[in-house]
Amino acid sequence: MLDIKIVRDNPGAVRTNLARRNDPGVLRMFDELLGHDQEWRRYFAEAGELRSRRNKVTEEIARLKRQGLDASERMREAAEIPQRIKEVEDKMNLQRERMDYILMRLPNLMDESVPYGKDDTENVVVRTWGEPRKFGFKVKDHIDLAEALDLADMERAAKVSGARFYYLKGDLVRLNFAVVAYGLDFMAQRGFLPFLPPYMMRRRIVEGAVALTDFEDMIYKIEGEDLFLLATAEHALLGLHADEILDGKSLPLRYCGVSPCFRKEAGAHGRDTKGIFRVHQFEKVEQFVFCKPEDSPKEHELLIRNAEELFRSLKLPYRIVNVCSGDLGTVAAKKYDLEAWLPGQGKYREEVSCSNCTSYQAVRSNVRCRDRTSDPTRYVHTLNSTLVATERTLVAIMENYQQEDGSIAIPEVLVPYMSGLREIKRAK
RNA sequence: GCCGGGAUACCCUAGCCUGGUAGGGGGCUGGCUUGCUAAGCCCGUGUCUCGCAAGGGACUCGUGGGUUCAAAUCCCACUCCCGGCGCCA
């Protein structure tokens, strides 16, 4: 959510930035917002004057009564004010509701370095690491590998739970948790405090983190309760400090969360319908940072570097893209994706998404900071990045580490987390 | 799930019964004073809004309603915390 004060101070600059979204609806909403804000302030001032008068008369009544004098004339005068206050407040609240409606739907301001583009085909590659491996045999995709080695059961998952669910089996289950455990150690070594968050959250907390359009498309609701299934640990980590004023000296707060992630992904039909690349649940180790506004660009670079180091340690070739304006989404001011090379598809595919959300989530969730209690408060900046998301990373490992005999080698760094197992073969 | 107690500013706490300017302590901040392992005193300390500014005004006692000229205080609903009982991998 945009900070209304920033909007008031620089309406022209904010409008120019929003115009880069190339969405006429956004500009229309923005212009409406300015109108509602002016009206709101007018009614706000009027209500303030009325309350001021009422307070003065009320004080006078209290004074007269203390002195044992007759206050009935004053009380008659005061009696008519509450009705008028209510009328003005109703008008004021109507304007406020319309403002909030718009503010909850306007996207974040984009960073200047975001490239202009219509969709994900126009993201800009900023660097590439590693060479796609040359295979001396016919390469399989992860679906064929899983089937040949009996590492997953998609058909029975469809029977039990529907499309886009899966059973992992055998050593692939162990590899899944090896990746999580490795990721967790990796983060702890870098001073990120690990959290295992609640897997369900109230609406207020989710709304503090995501755009409302994403809400319906992505989040599972618990029937009959004000609870929603976690789509990423990011949301729960942000919610940790909702409505708090953080001590500036404690910033940056560098956290990591490990959790399952549940996603509806409505509208994604037709893409990646097979296999475990795009699914309704997976596990993820997530990086999350609360920092001072001036520090967010360098924290953003830190988070993407962490993800890169992890993928390098797994020896998975990847590239980093700077996500363009048309693919950026509502919440992030700037986003890097890490795309790993998938030999089975012959493409780089998204494994990691690393966002600088600036103050967008902090305003929605009301997270502020200050160095001294006598200083004014400021909204913090928040950043989040995948470190590693298991099912997608399993796909990358399976396809990149496949061997001519059909088995899959275990990346060196994961061997200790697999009790020394070095390759996954077909069980006898 | 049941019974009882509670939620006051950055932190702690008084006020609630009996409605009438939210008081005290700590912390932080700025200032003043005194010759010294520091102490004392004073201003400030949340949100919104009007104003170039100086400075006004409103709001804020867990949340939302209600009663009243006036609500931290009375009434209703809800949330969370603490204690006891019950249930429980």
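Just so it is clear: chains get the letters A, B, ... in the order the sequence lines come, proteins before strands, and each one is counted from 1.
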Compare side-chain N and O positions of A:R41 against OP1 and OP2 of B:C50 and report whether any pair is under 4.0 Å apart.
yes

Less than 4.0 Å between a side-chain N and a carboxylate O, is that true for A:D327 and A:K118?
no

On the nucleotide B:A70, are OP1 or OP2 found under 4.0 Å from the side-chain N or O atoms that A:N55 carries?
no

Calculate the interatomic distance between A:N93 atom CG and B:G65 atom C1'; express it in whole Å.
13 Å

Considering only atom C1', compute the distance from B:C16 to B:G23 and round it to an integer number of Å.
14 Å

Are the charged groups of A:E299 and A:R254 less than 4.0 angstrom apart, N to O?
yes

Residue closer to the 5' end of RNA chain B, A:R368 versus A:S52 (nearest nucleotide):
A:R368

If we take the P atom in both B:U47 and B:C11, what is their distance in whole Å?
13 Å

Would you mind classifying the nucleic acid contact of A:R202 as base, sugar-phosphate or nothing, using non-hydrogen atoms under 4.0 angstrom?
sugar-phosphate

Determine, using ring centers only, whether A:H241 and A:Y255 are less than 6.0 Å apart.
yes

So what does A:D247 hit on the nucleic acid, given a heavy-atom distance under 4.0 Å: a base, only sugar-phosphate, or nothing?
nothing

Any strand: nucleotide that pairs with B:C28 via Watson-Crick or wobble, under 3.5 Å
B:G44

Using the C1' atom in both, what is the distance from B:U45 to B:A22, to the nearest Å?
15 Å

Taking CZ from A:R204 and P from B:U79, how many angstroms apart are they, rounded to a whole number?
16 Å

Rounded distance (Å) that lies between atom P of B:U79 and atom CE of A:M201:
19 Å

What is the separation between atom CD on A:E89 and atom C1' on B:C59, rounded to the nearest whole Å?
10 Å

May I have the step-by-step check of side chain to side chain contact (heavy atoms under 4.5 Å, CB included) for A:M99 and A:W40, ending in yes or no?
CA-CA 9 Å; A:M99 284 166 70; A:W40 177 83; 3.8 Å; yes

In whole angstrom, give the distance that lies between atom CD of A:E59 and atom P of B:G57.
11 Å

Scan A:R42 against the nucleic acid and name what it touches under 4.0 Å (heavy atoms): base, sugar-phosphate only, or nothing.
nothing

On a heavy-atom basis, which atom in A:S296 and which in A:N356 lie closest, and how many Å separate them?
OG-ND2, 3.1 Å

What is the distance, to the nearest angstrom, from the CD1 atom on A:I85 to the C1' atom on B:C59?
12 Å

Taking 4.0 Å as the cut-off, does a side-chain nitrogen or oxygen of A:R370 come that near to OP1 or OP2 on B:C28?
no

Taking only the side-chain nitrogens and oxygens of A:T58, find out if one of them lies under 4.0 Å from OP1 or OP2 of B:G20.
no

Report yes if at least one side-chain N or O of A:K56 is closer than 4.0 Å to OP1 or OP2 of B:A70; otherwise report no.
no

Would you measure the distance from the C1' atom in B:U21 across to the matching atom in B:A72 and give it in whole Å?
14 Å

Side-chain heavy atoms of A:L303 within contact of A:N384, under 4.5 Å
no

Using the C1' atom as the reference point in each nucleotide, state the distance between B:G55 and B:A71 in Å, no decimals.
30 Å

If you count the non-hydrogen atoms of other residues, nucleotides and ligands that lie under 6.0 Å from NZ in A:K169, is the total more than 12?
yes

Should B:C74 form a Watson-Crick or G-U wobble pair with both distances under 3.5 Å, which nucleotide is its partner?
B:G66

Taking for each residue the nucleotide of RNA chain B with the nearest heavy atom, is it A:M75 or A:K86 whose nucleotide lies nearer the 5' end?
A:K86

Taking only side-chain N and O atoms of A:T377, does any of them lie within less than 4.0 angstrom of OP1 or OP2 on B:U47?
yes

Give one of base, sugar-phosphate or nothing for A:A62, where a contact means two heavy atoms less than 4.0 Å apart.
base

Scanning all shown strands, the Watson-Crick or wobble mate of B:U79 with both distances under 3.5 Å is B:A7

Measure the distance from CD on A:E49 to C1' on B:G56 and round it to the nearest whole Å.
12 Å

So, does A:R364 use its side chain to make a donor-acceptor pair with the main chain of A:V210 at under 3.5 Å?
yes

Touch class at under 4.0 angstrom, heavy-atom based, for A:A45 against every strand present:
nothing

Calculate the interatomic distance between A:R54 atom CZ and B:A71 atom C1'; express it in whole Å.
11 Å

Which value, in whole Å, describes the distance between the P atoms of nucleotides B:G66 and B:C12?
31 Å

So what's B:G1 paired with, Watson-Crick or G-U wobble, going by both distances under 3.5 Å?
B:C85

Between B:C28 and B:U67 - C1' atom distance, rounded Å:
41 Å

Span that lies between the P atom of B:G27 and that of B:C76, in whole angstrom
41 Å

For B:U21, give its Watson-Crick or G-U wobble partner with both distances under 3.5 Å, or none.
none

